[in-house]
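Take a look at the structure below.
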Amino acid sequence: MTLLEPKLPDAGLAGCFIDGNWHWPEGRLTIENPSRRQPVCEVGRGAAKEIDLAVAAANRAFPAWRALAASERGRMLTELGNRLADNAEEVARVLAAESGNCIKTQSRGEAAGASGVLKYYGGVAVEQKGETLPLGPGLFSYSTREPHGVVGSIIPWNSPLQLGAVKISMALATGNTLVLKPAEDAPLAVLKLVEMAADIFPPGVFNVVTGTGEEAGAALTAHPDVAKISFTGSSEVGRLVSHAAADRIARVTLELGGKSPCIVFPDACTSGRIEATAQGVVNAMRFARQGQSCTAGSRLFVHKSVWDTLMPLVTEKAAAMKVGDALDPEADIGAVINAERYGEIRSYVAEAESQGAVFHTGETPPEDPAGFQPIPTILSGLDNSWRIAREEVFGPVLVAIPWEDEADVISMANDTHYGLAAFIFSREMDTIVRMTRSLDAGWIQVNQGGGQIPGMSYGGTKQSGTGSEYSIEGALEAYTYRKCVTVAVEA
Ligand code: NAD
């Protein structure tokens with residue numbers, strides 16, 4: 001097996017891009033390759049001082065940026081999307097090295113997807129339209145969509161490039177300026193993207209401060225000159241971010257965790273359909289991302305009548321996936337991001353094992369592995385009240401529960417404080433309409449388990465978040481306010 005080589009960022013290792021220049025802060029972060037548990041490099045670790053500088057630069061750049069024609073802002077985003085497409089393989093390898101997401105199944109797709117997001121927003125930036133209201137003779141009213149000012153965006157490590165592209169695009173397309181804080185575990189692919197962006201946007205429009213959540217993240221959310229915060233990450237930190245924003249009535253978008261149900265009906269398991277359904281369930285669980293996806297369909301509800309036919313097929317497909325180094329071109333499943341996350345996944349599985357869960361495939365992972373490769377695991381013999389069935393494991397662990405009555409499965413599916421995604425497998429239109437109406441989820445996929453696509457509205461309900469991203473409508477709602485102008489005219 002020949003492993004691919006990543007080409008690391010160059011100037012970007014400084015970690016902080018402020019007012020059009022790279023800036024080395026005092027502190028350093030060591031970035032590790034989780035597939036091998038080896039250091040990859042050191043990057044600058046910005047903190048409150050760099051956040052202050054970046055917010056001040058973004059504030060200075062805001063008046064000219066908001067005044068620029070939207071088509072011009074869009075052109076720059078499209079240019080960045082094109083540059084990313086031209087360098088996609090190079091960026092994908094860096095992403096695989098730092099995140100543990102396999103080059104074959106995830107990192108290449110993420111680089112292509114991030115380029116698509118930038119180009120989508122580049123195209124729709126001109127759609128920043130308002131409304132008109134003829135109020136009768138002598139009065140005319142119209143509204144415009146105005147940017148808030150400086151946006152502070154914080155992203156996690158699990159799909160850093162895609163989420164970085166979403167945050168950059170939504171903030172800049174709508175005329176805001178930006179300070180982006182990447183995750184401390186996986187900032188390198190984002191820093192490669194910033195290198196490509198360095199000569200596209202005017203100084204101060206787009207700033208990046210790499211650092212920890214406690215130092216750089218908290219300073220950004222608490223900064224009085226940040227008008228809006230867009231946060232993607234855990235519900236726990238989302239709560240802290242909300243509190244910080246509430247103190248100064250700043251706007252907030254939160255994209256948080258999930259524990260999404262995946263519900264299979266008998267009609268999806270006929271001989272012609274069962275294969276596609278089993279593959280859809282495996283895709284929905286995001287085994288190829290080590291289960292580290294907020295939308296993972298990690299609670300599988302299978303109708304009792306098809307349990308014995310579907311479960312072996314799902315198990316066979318998950319067990320056949322090749323676990324390996326993320327830079328192995330043949331591997332399907334890579335590594336969990338770090339020791340802490342690996343240990344948490346391990347303890348969830350060990351607890352379920354000690355309580356008598358049935359293992360269809362997988363086992364409790366070893367305590368001190370050479371790389372943080374997890375073991376794809378499918379469990380049953382438990383119910384919706386077990387901790388592993390209620391909490392976000394954020395690992396490749398699928399909990400399967402049989403059901404008989406539709407009202408019962410709806411109630412189990414909704415019995416969670418999360419409301420991010422849901423998956424339904426059925427070909428009956430009546431069933432699909434009934435189910436989609438009944439489930440508490442911001443995004444429901446029917447007969448597939450794919451990823452987000454630019455243009456769709458994506459966001460959670462309940463404690464999975466507020467606001468939606470990925471669409472121009474979501475960007476306008478979340479990143480602008482309506483200014484209404486009422487004009488007295490001579491009749
Ligand atoms: P996390 O909340 O620990 O960290 C996310 C980001 O927040 C990181 O950049 C981190 O440095 C920063 N942060 C940490 N503490 C902070 C603080 N006190 N103030 C400000 N920022 C702080 O999450 P994670 O472990 O990196 O990511 C996994 C979580 O993200 C999961 O819960 C997953 O479901 C969620 N997620 C949600 C979506 C979505 O679209 N809904 C997408 C991806 C990931």
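Order of appearance sets the numbers: ligands from 1, and atoms from 1 within every ligand. In this text, all values refer to a predicted model and were calculated from it rather than measured experimentally. The chain is numbered in sequence order, starting from 1. Side chains included, hydrogens not; waters and symmetry mates left out as well; all remaining heavy atoms used.
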May I ask you to identify the nearest protein heavy atom to atom 2 (O) of ligand 1, giving residue, atom name and distance to one decimal place in Å? Ser234 OG, 2.6 Å

Just wondering, do Lys228 and Asn176 contact through their side chains at under 4.5 Å, heavy atoms? no

Is it true that the side chains of Ser230 and Glu469 contain a donor and an acceptor less than 3.5 Å apart? yes

Before accepting this row, confirm whether a basic side-chain N of the pair Asp415/Arg390 lies closer than 4.0 Å to the acidic partner's carboxylate O. yes

For atom 14 (C) of ligand 1, closest protein heavy-atom neighbour: Gly213 CA, 3.5 Å

Quick test: of every protein heavy atom, which one is nearest to atom 24 (P) of ligand 1, and how far off is it to 0.1 Å? Trp157 NE1, 3.4 Å

Which residue holds the protein heavy atom closest to atom 41 (N) of ligand 1, what is that atom called, and what is the gap in Å? Leu256 O, 2.7 Å

Within 4.0 Å of some non-hydrogen atom of Ile155, the atoms of ligand 1 are 6 (C), 8 (C), 9 (O)

List ligand 1 atoms under 4.0 Å from Phe231, heavy atoms only on the residue side. 2 (O), 6 (C), 7 (O)

Have a look at Thr221, Val166, Thr232 and point out the one with the heavy atom closest to atom 5 (C) of ligand 1. Thr232

Under a heavy-atom criterion of less than 4.0 Å, does Ala218 contact ligand 1? yes

Glu353 versus Thr364, side-chain donor and acceptor atoms under 3.5 Å: yes

Would a 4.5 Å heavy-atom cut-off, applied to side chains only, mark Arg299 and Lys259 as touching? yes

Quick one: nearest non-hydrogen protein atom to atom 27 (O) of ligand 1, plus distance? Pro156 CB, 3.3 Å

Side chain, backbone, both or neither: the part of Leu420 lying under 4.0 Å from ligand 1 by heavy atom: side chain

Below 4.0 angstrom, N of the basic side chain to O of the carboxylate: do Asp332 and Lys317 qualify? no

Closest protein heavy atom to atom 10 (C) of ligand 1, given as residue, atom name and distance to 0.1 Å: Glu184 OE1, 3.5 Å

Shortest protein contact, atom 36 (N) of ligand 1 (heavy atom only): Cys294 CB, 3.6 Å

For the pair Arg387 (side chain) and Ser385 (backbone), establish whether a donor and an acceptor sit closer than 3.5 Å, ignoring hydrogens and angles. no

Heavy-atom proximity to atom 29 (C) of ligand 1 ranks first, among Gly233, Gly459, Gly465, for Gly233

Please evaluate residues Asp19 and Leu53 with respect to the criterion side chain to side chain contact (heavy atoms under 4.5 Å, CB included), reporting the C-alpha separation (whole Å), side-chain torsions for both, the decisive distance (0.1 Å), and the verdict. CA-CA 8 Å; Asp19 211 8; Leu53 292 171; over 6 Å; no

Suppose I only count heavy atoms of Ile154 and a 4.0 Å limit; which atoms of ligand 1 are within that range? 6 (C), 7 (O), 9 (O), 12 (C), 20 (C), 21 (N)

Please check if the distance between the ring centroids of Phe301 and Trp403 is under 6.0 Å. no

In ligand 1, the atoms that come under 4.0 Å of a heavy atom of Tyr458 are 39 (C), 40 (O), 41 (N)

In ligand 1, which numbered atoms sit nearer than 4.0 Å to a non-hydrogen atom of Gly217? 19 (N), 20 (C), 21 (N)

Under 3.5 Å, is there a donor-acceptor pair linking the side chains of Asp325 and Gln373? no

Using a strict threshold of under 4.0 Å (side-chain N to carboxylate O), is an ion pair present between Arg341 and Asp185? no

Name the closest protein heavy atom to atom 31 (C) of ligand 1, giving the residue it belongs to and the distance to 0.1 Å. Glu392 OE1, 3.5 Å

Is any N or O atom of Thr212, backbone or side chain, closer than 3.5 Å to an N or O atom of ligand 1? no

Is Thr377 reaching over with its side chain to a backbone N or O of Gly362, donor-acceptor style, under 3.5 angstrom? no

Could you list which atoms of ligand 1 come closer than 4.0 Å to a heavy atom of Gly257? 32 (O), 34 (O)

Give the numbers and elements of all ligand 1 atoms closer than 4.0 Å to a heavy atom of Ala183. 9 (O)

Side chain Glu50, main chain Val209, donor-acceptor under 3.5 Å: no

Option passing side-chain contact (heavy atoms from CB on, under 4.5 Å) with Val91 (candidates Lys192, Arg108, Glu195): Lys192

Could you list the atoms of ligand 1 found under 4.0 angstrom from a heavy atom of Leu240? 18 (N)

Determine whether the side chain, the backbone, both or neither of Asn158 has a heavy atom under 4.0 Å from any heavy atom of ligand 1. side chain

Side chain, backbone, both or neither: which part of Arg341 has a heavy atom under 4.0 Å from ligand 1? neither

